K.L.:
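Please find one structure pasted underneath; my questions will follow.
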Amino acid sequence: MPGVSSVITSMRTFSGVPFFGMDEMHMIGRGMGHQIYKMIHYRMNGCYIGTLGYSFALVSHFTGEVIMAKISMYIHLSRETIPPFFEGCWEGPSGFYRAVDWEDYLSAILPCIILQFIANPVAKKMIMSLVNGCNWSMKRRISTDDLTVIQRYILKTNC
């Protein structure tokens, strides 16, 4: 398939164009990464706020707009330190990210930059559990040692 890396097209599970709608990167990166972005963004999280409050509320001494500006500033300042293997856009998140950009957001930006702005410590723990689970599921292979680590992690976090 022209324009698609042979790393992808050589996989036994590659099925052509339909592959991209259901592959892990698009379901996890675009799906989970973008979902968490919408849950924390002050302009988009209204539908997630219930009558008992909001688990993913940001720290209260900043407005949502100030926090989002700070997040974009930290992303910009960290651009020079990102590993060269990151393929995505290293800019503040937007609705126009590609799946690989949302994957970078989920696996690096969320835990390293955004998590500090989440007010609820339990929500922070659950977000990190989700991030770790997504990172494990995106691995090409999961070894026996990985399974042991995952089982210990599950027992430790009570997920």
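The figures here come from the full heavy-atom set of this structure, side chains too, leaving out hydrogens, waters and symmetry mates. Keep in mind it's a predicted model, so treat the numbers as computed, not measured.
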K.L.:
Can you name the nearest heavy-atom pair linking Ser6 to Ser10, along with the distance?
P.N.:
O-OG, 2.7 Å
K.L.:
Name the orientation class of the two ring planes belonging to Tyr74 and Phe117 (parallel below 30°, tilted from 30 to 60°, perpendicular beyond 60°).
P.N.:
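If you compare the ring of Tyr74 with that of Phe117, the planes turn out parallel.
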K.L.:
Rounded at 0.5 Å granularity, tell me how far CD1 in Ile127 sits from CD1 in Ile40.
P.N.:
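It comes to 7.0 Å.
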K.L.:
Apply the test side-chain contact (heavy atoms from CB on, under 4.5 Å) to residues Tyr48 and Phe56: give CA-CA distance (whole Å), side-chain angles for both, the deciding distance (0.1 Å), then the verdict.
P.N.:
CA-CA 9 Å; Tyr48 302 105; Phe56 299 100; over 6 Å; no
K.L.:
Does the side chain of Gln35 come within less than 4.5 Å of Lys38's, by heavy atoms?
P.N.:
yes
K.L.:
If you look at every heavy atom in Ala123 and Ser55, which pair is closest and at what distance?
P.N.:
CB-O, 3.2 Å
K.L.:
Nearest 0.5 Å, please: how far is CD1 in Ile114 from NE2 in His41?
P.N.:
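The NE2 atom of His41 sits 10.0 Å away from the CD1 atom of Ile114.
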K.L.:
If I take atom CE from residue Met68 and atom CG from residue Leu58, how far apart are they, to the nearest 0.5 angstrom?
P.N.:
7.5 Å
K.L.:
Does a donor on one side chain sit under 3.5 Å from an acceptor on the other, for Thr148 and Asp145?
P.N.:
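Looking only at side-chain atoms, Asp145 and Thr148 do not form any donor-acceptor pair under 3.5 Å.
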K.L.:
Measure the CG-CG distance between Leu130 and Asn135 for me, rounded to the nearest 0.5 Å.
P.N.:
9.5 Å
K.L.:
Which pair of heavy atoms, one from Met32 and one from Leu106, lies closest together, and at what distance?
P.N.:
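Closest approach of Met32 to Leu106: CB-CD2, 4.1 Å.
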K.L.:
About how many Å separate CG of Leu110 and CD1 of Ile71, when rounded to the nearest 0.5 Å?
P.N.:
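Rounded to the nearest 0.5 Å, the CD1-CG separation comes to 9.0 Å.
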K.L.:
I need the Ser72 OG to Ile67 CD1 distance, nearest 0.5 Å.
P.N.:
12.0 Å
K.L.:
Please answer whether the main-chain N or O of Asp146 pairs with a side-chain N or O of Ser143 as donor and acceptor at a distance below 3.5 Å.
P.N.:
yes
